[in-house]
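First comes the structure, then the notes that go with it.
Ligands are counted one by one from 1 in listed order, and the atoms in each one are counted from 1 as well. In this text, all values refer to a predicted model and were calculated from it rather than measured experimentally. Along the sequence shown, residues are numbered consecutively beginning with 1.
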Amino acid sequence: MPSASTNPPAEYAALKPWALPQGILYGPFPTRRKGRALGVNLLPPGDKACTFNCAYCQCGWTPVEVFRSGTWKESCPSLDEVRRGIEGGFAALQAEGNGPDAIVVSGNGEPTLYPWFEEAVELVLAARDQWFPKVRTMVLTAGTELGRPEIRRACDRLDERCVKLDAGDAKTLKKVDIPLVPFSLEGLVANCAKLRDVTIQSFFTQGAVDNTTEPALAAWLDRLDEIGPVEVQVYSLDRVPAAKGLKRVPRAELEAIARRASQRLGVPAHVF
Ligand code: SF4
């Protein structure tokens, strides 16, 4: 199973390593967009489970055989463990005066894979209302499970839905995100339209995998236009990725990409 990128290869020496959370809550940790974020991990402690196998993933490679076998589900916390983890953790953070600026359902892979995702979201919301009523909640998702009504329902209960769109054409998406389940961009567009609103998060890389070529960007912009997000967030390498040979996209290029998205869609687009 993947573990923390504690000894990054020399090419990534300037990047931050990331340790897979061992529990249900992690943080609060500083983020560039949301201040101090408190993460909620519903997936197996210390192991990754994801429908994608992104080349840039800070959690390392998805253990494909384990994921496909489904045995990872046995290592997910029960709903009761999630309840206790969230309630105990939120109460402790409040007592310490260490409250977060945002609560992010994310964790060790694709959070919507958690078998009781809808119920877990209700637990997060109830705890937020009790301990940190002014703090916004959000989910980070690859969007692969959005075809399921109960997943869309749960996502819509949170304040923000951040859905990944790293490419607008299937060929580039396959190189960047390496889907492990049947996935289509047309399906993603259709499912996003059923949500109450969507923020799109897009990762850009150059080097061994490059989704910043003009054809790739043109397809990305077209797909963004179809989705119609309320906001677009673009970013590049910050933490040690799974694949070798990825290169961080310079800030000025990311800003140019964000500008194009904002001009095309008429919504805010930020680099973070
Ligand atoms: S969707 Fe997120 S967790 Fe899954 S492989 Fe990609 S970056 Fe990693």
Side-chain angles (χ1 to χ4, degrees), residues 1-5 8 12 15-22 24 26-27 29 31-34 37 39-68 70 72-73 75-76 104-114 117 138-148 151 155 160-168 170 172-185 187-188 191-192 198-205 208-209 211 220 233-244 246 248-249 272:
M1 300 293 271
S3 58
S5 328
Y12 296 138
L15 301 177
K16 298 176 215 157
W18 175 256
L20 286 166
Q22 297 290 331
I24 289 158
Y26 55 104
F29 55 93
T31 62
R32 282 166 289 179
R33 288 280 303 138
K34 298 293 177 189
V40 179
N41 171 45
L42 303 169
L43 295 168
D47 287 335
K48 180 185 173 193
C50 196
T51 46
F52 276 5
N53 200 359
C54 301
Y56 63 87
C57 187
Q58 67 188 22
C59 300
W61 292 115
T62 305
V64 177
E65 294 309 318
V66 176
F67 173 66
R68 292 209 162 119
W72 57 271
K73 289 183 192 160
S75 311
C76 284
V104 184
V105 182
S106 176
N108 295 342
E110 173 51 48
T112 62
L113 286 175
Y114 181 61
F117 183 68
M138 66 197 67
V139 60
L140 302 183
T141 177
T144 51
E145 307 306 296
L146 289 175
R148 293 159 55 197
I151 299 299
C155 291
E160 205 172 309
R161 290 139 291 287
C162 294
V163 179
K164 181 184 299 299
L165 181 75
D166 296 331
T172 307
L173 186 129
K174 203 169 163 192
K175 286 187 199 153
V176 183
D177 295 339
I178 315 175
L180 301 176
V181 294
F183 177 80
S184 80
L185 284 156
L188 182 74
N191 289 328
C192 284
V198 164
T199 293
I200 290 292
Q201 276 198 355
S202 300
F203 174 90
F204 288 98
T205 176
V209 180
N211 58 346
W220 175 75
Q233 300 172 352
V234 305
Y235 66 113
S236 188
L237 272 190
D238 186 46
R239 297 213 168 97
V240 178
K244 291 191 178 138
L246 302 191
R248 187 186 214 149
V249 179
F272 76 102

Item to check | The single option from D238, T205, D166 passing side-chain contact (heavy atoms from CB on, under 4.5 Å) against Y56 | outcome: D166

Checklist outcome for this item: protein heavy-atom neighbour closest to atom 3 (S) of ligand 1 works out as G109 CA, 3.6 Å

Item to check | Sub-4.0 Å heavy-atom contact, K164 with ligand 1 | outcome: yes

Next on the checklist: Under a 3.5 Å distance rule, please check whether N211 uses its side chain to pair with a backbone N or O of F203 as donor and acceptor.
Outcome noted: yes

Item to check | N, O or S of C54 under 2.8 Å from atom 4 (Fe) of ligand 1 | outcome: no

Item to check | Taking atom 4 (Fe) of ligand 1 as the reference point, the nearest protein heavy atom with its distance | outcome: C50 SG, 2.3 Å

Checklist entry - So, does W18 use its side chain to make a donor-acceptor pair with the main chain of C59 at under 3.5 Å? => result no

Next on the checklist: Quick check on side-chain contact (heavy atoms from CB on, under 4.5 Å): which of N191, L113, D177, T51 does T144 satisfy it with?
Outcome noted: T51

Next on the checklist: Below a 4.0 angstrom heavy-atom separation, can you tell me which part of Q58, side chain or backbone, both or neither, approaches ligand 1?
Outcome noted: neither

Checklist entry - Under 3.5 Å, is there a donor-acceptor pair between the side chain of S202 and the main chain of L165? => result yes

Checklist entry - Which atoms of ligand 1 have any heavy atom of C57 under 4.0 Å away? => result 3 (S), 5 (S), 7 (S), 8 (Fe)

Checklist outcome for this item: Within the 4.0 Å heavy-atom cut-off, what K48 brings close to ligand 1 is side chain

Item to check | E160 (side chain) donor-acceptor with T199 (main chain) under 3.5 angstrom | outcome: no

